[in-house]
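Residue numbers begin at 1 in each chain, while the letters A, B, ... track the order of the sequences. Here the structure is a predicted model, which means the values were calculated and not measured.
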Amino acid sequence: MSTTAPSISVRGVGKSYSGVTVLRDVDLDIAPGEVHGLVGENGAGKSTLLKILGGVVRADHGTLSFDGEQVTFARPRDAIAQGVSLISQEGALVPALTVLENVFLGRWAQTAGVRRAGHDRKRFDELIELTGFEVDPRARVDLLPTGVQQQVEILRSLARGARVLAMDEPTAVLSEHEKDNLIALIRRLADSGTTILLVSHFLDEVLAVADRITVLRDGALVTTDDAATQTPRTLVRQMVGREIDMLYSTPDPIPDDAPTVLSARGLRRGPVQGVDLEVRAGEILGLAGLVGSGRSETLRLLFGADHATEGTVDVDGATLTRLSPRRAMAAGIAFVPESRKEQGLVMARSVSENVALSSLPRRRVGPVVRRSAERTAVDTVSRLVDIRAAAKDAPVETLSGGNQQKALFAKWLLCSPRILLVDEPTRGVDIAAKSHIHHLITELARDGMAVVCVSSEIEELLALSHRVLVLRHGRPVGEFPRGTAKEVVIAAAFGDEGEPT
Amino acid sequence: MTVDAATPAEPPAQLPPATGSTGSRRAVRFRDYGILVALIAIVIALSLSTDTFLTRSNMINLLDQCTVVGLLAAGATVCILSGVFDLTASATLAVSAIVGVEIMRVTNVPVGFGAAVVAGALLGFVTGMIVVRSGINSFIATLATSIIYRGVAVVVTAGAIVYPLGSQTENFGALTWPSLFGLTSATVMFVIVVVAIGLLISTTTFGRRVYAVGGNLEAAQLSGIRVGSIHVAAYVISGVCSALAGLILASRAGSAQSTMATGAELTAIAAAVIGGTSILGGEGAIWRGVVGAFLLTLIGNGFNLLGWDTIYQQVLQGCLILFAVTTDRWLRRRSR
Ligand SMILES: Nc1ncnc2c1ncn2[C@@H]1O[C@H](COP(=O)(O)OP(=O)(O)OP(=O)(O)O)[C@@H](O)[C@H]1O
Ligand SMILES: [Mg+2]
C-alpha cells in the first residue's frame, strides 16, 4: 500500500436489500486528496455507498477501482488494507476498552506478542498533536460523551494510516466549537493528501469544506459538481427533486395565563451542579451548553433516568417523589434520549414494536396487545413524522439513520405527553425532515405542551425556543430570549475562559 | 392532547412504493423458518430409512420423550429472550419434584403435584431476585444458585431416593397415562403449557416487554419498563416449567432424587439456540425452543430406530448445535 491517496472510481455500483433497491448504478470518481461531499435525503443511500467503500456492505454489482486497478472489498479488513477507513454513523468502538486500546485496536505495538504500551502512548501523543483533540488515553470509551467517542474513531483511522477517510455524518454529534475544529482538521488532512468523503446534512458545512459535492436521490446519483457552483438552495432542489421552503418554524407566544407545568429546584448529580428551571404550558425551553456542561444529564434527572442526589422535580406544583421513568411517564413526561442506538431503540425489533413500546398499556385488552389499534396508531404517527421504511415489520436497524431518529421521536409522540424532554431532536435527519420536526414541536407547544429541548446546534435552539438557558459546568449561567445573537449564547456557554484552543 | 392534534402543514412525502415488500417477506420467511426445514428434512429422512418411524406408537413415544426438554427449553427461551440465562433449571426441577413428593406423602397426589409447581415458581422467584438484586451477570449468579439448589436437594433427601406412599404409587404415575388421542397426559400438559407461554410471549404487553428488555435494556428502562420485574417474571416462568418437567420425570420413575436431570439446563439452552433464538436476547420465539427440543429428541429417536450406536449421539448433537448456529449467522450475514 502506498501512502499517497489513490484516485477512486466507482462504476455501476448497485445494491438492493431483499428486493428494495437502495443504490442504483452509481458512477463516481474521487480525486486523490479531495474533500468530496455526499448529500441527500434520509434513506437516499449515502451510508450504504460509504459502507460499500468501507467493505462493510457488499455491492450486488458494479466495480471499485483504486488507481485504475479493480479492488474487491469482501470485508472491512480489505478496505483497511487499501487505506480506506470508515467512520460510521453508528460508531464502532469497543465499549469496555480504553481510548488508547481502541485507537490502536488490533494493531498494538508489540514485541514477541508483548504489548509495548509506551510506544503506543507516544504515537497517541503525536496524533493528538496533529488533531488538536483533548482526549484522555486512559478513559474507558463507553463513559465518554458521544462527541469525544467520535474523536477517538478519527484518531483510530489516522493511526491506521488512512489514505481515504469516509465519514458518515461526523458532525451530527458535535457541538459548534467541535464542529469548527473538525472542519479545520478535515481541511488540514486533505491538504496533506488524504482523501475525505464527507456525508452530512449540514449543507453550509459541506459547501464550506468540500471541493466537489455529489447529490444522491432515492439511491441514484443526481449530480457531481464543484462545490463553488452550488448553493444550499440548489443542493436542496437536487436532493428533494423540487423547491421547498426551509424556514424555521416560529413558536407561538405563550398565553399569559399559561401555568408552570414543570419545575426543578437545585438538581444535582455528577456533572449537574444545581440546576433550577421552570417551564410553562406551551413553552419551549432550550438548554444550551458545551459537551459535558450537564445538558443531557439534566434531562435525565428530570425524567428520573438517573436519580438526583439533591433537588426536586415538580409537575403541576406537586413534587414527584422517588422519581423513575415510570413515574415520570405517569406524570405525563416523555423523554427522547440523545443516542438512538444505546438509549432509544431496540435495534433488532421491528419499527412498529419500537414505536409502540412506551405506550403499550394504551392499546390492550387485559394483557393482550390490540394489534389493529396498534397498527393504526403506529401508521398515524409514522405518517406524521414521515418515517420511510420498506415495511413496518422490518427491524428498526435496517432503517437509515435519519429514519431511526424519526421513529424514536414517533415513539414518544404516541404517549401524548404533556411535557416533552428532547435531547438532540433532529440528529441525523435531513433538512426537510428537520424543519418538519421543528414544525411538529412548535405545533405541540401551541396545543399546550411544555417542551425542554437540548441541542448542540445553537441556531436550532434559538429558532425553536422561547427561551434558551445556558449551562456551564452543570450550572445555569444565563438565560436568553428568542432573537439573541448566536455569538452571545456561545460566549455564555464558554464563560470567561474564552474559547479553548 | 393527542397525536392527531398536530397535523403537519406539509403533507408527508410519499412512502416508497411497496414493490419490494413481497420480496422482502419471502426472504424473511426463508431465514425465519430454516429450522423448520431442517426438522422436516430429518423427519422425511427417518420416515424413508425406517419403517418404524412413522408409526403411531413411535410418534406417541417421541412426543412424550420431547416433553421434558421441551418444557425446559420453553423456560430457557423466555429467559434468553429477556436477556438472562437460567442455569438453575435442572436443579429447580429436582428440588420441586422432591418437594412435591414429600408434600404428597403427608397429603395426597394432586396436592403434591400442586406443591411441586408452587415450589418451582418460588425457586424461580428467588433465582430472579438473586440475579436482579445482586447485579451479577446472570450466568454466574444462576450457576452459583443452581449449586445451592442441588445442595438443598441433597440435604432434604439425605441423598436418598424419595417415593410417594405405597397407596399413591399408581396415581403418581398419572402423567404417563394415555389421554387425548392416545397421547400421554404429559404430552397433553406440555402442549397446553407451551401454547400458553407462546401466546403470553407473542401476544401480550408482557411479551413485548420481554423482547424489549432483552434487546436493549437501557432503551427498555427509558421506555418505562420495570426491567427487574420482567427478569424475575421470566425466572418464575422458567421455574414453573422446570417443576412440570420434574413431575413428568418423577411420574415416570415413580420417585424423585437429588441427581435428577443433571445437566439438562444446558440441553435446554442448546434447544433454544438450535431453534434460532438469539443468545444475545431480544430475538427468537417460544416455538423455536420447542422445535429445537424436538430436533434433539428426534436425533435420539433416530439413533434408536436405525440401530446406531448411541455413543455417537452426543457427538452428533454437538455438531447439530454448531451447524444450527453457524447457519443462523450465515443467513444473517447474507442479508447485510
Ligand atoms: N440492512 C438493511 N436491510 C434492509 N434495508 C436497508 C438496510 N440497510 C439500509 N437499508 C435501506 O437502504 C436505504 C438507504 O439507507 P442508507 O442508510 O444508505 O441511507 P442514508 O442516505 O445514509 O440516510 P440517512 O441520512 O438517514 O442516514 C434505506 O431505505 C434503508 O432502509
Ligand atoms: Mg446514513
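Both the backbone and the side chain of A/P367 come within contact range of chain B, with heavy atoms under 4.5 Å apart. Heavy atoms closer than 4.5 Å to chain B are found in the side chain of A/R371, but not in its backbone.
Other residues, nucleotides and ligands contribute more than 12 heavy atoms inside 6.0 Å of the CZ atom of B/F206.
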task: Begin with the C-alpha distance, continue with both residues' side-chain angles, and end with the deciding distance and a verdict on side-chain contact (heavy atoms from CB on, under 4.5 Å) for A/L360 and B/I225.
output: CA-CA 10 Å; A/L360 277 178; B/I225 295 171; 5.8 Å; no

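By the 4.5 Å heavy-atom criterion applied to side chains, B/S223 and A/K411 are counted as neighbours.
The line from CZ of B/R208 to CD of A/E374 is 4.0 Å long, rounded to the nearest 0.5 Å. A distance of 5.5 Å separates CG of B/L222 from CZ of A/R300, quoted to the nearest 0.5 Å. Here the CZ-CZ distance, from A/R326 to B/R226, works out to 3.5 Å after rounding to the nearest 0.5 Å.
Nearest approach of A/V369 to B/T205, heavy atoms of both residues: CG2-N, 3.5 Å. Of all the heavy atoms in B/R209 and A/P361, the pair that sits closest is NH2-CG, 3.6 Å.
In this structure, B/N216 contributes its side chain and A/A348 its backbone to no donor-acceptor pair below 3.5 Å. Side-chain N or O atoms of A/R349 include one that pairs as donor or acceptor with a backbone N or O of B/G282 at under 3.5 Å.
Chain B forms the most heavy-atom pairs under 4.5 Å with one residue out of A/V346, A/D218, A/T21, and that residue is A/V346. Note on B/G215, B/G207, B/A219: by heavy-atom pairs under 4.5 Å with chain A, the leading option is B/A219.
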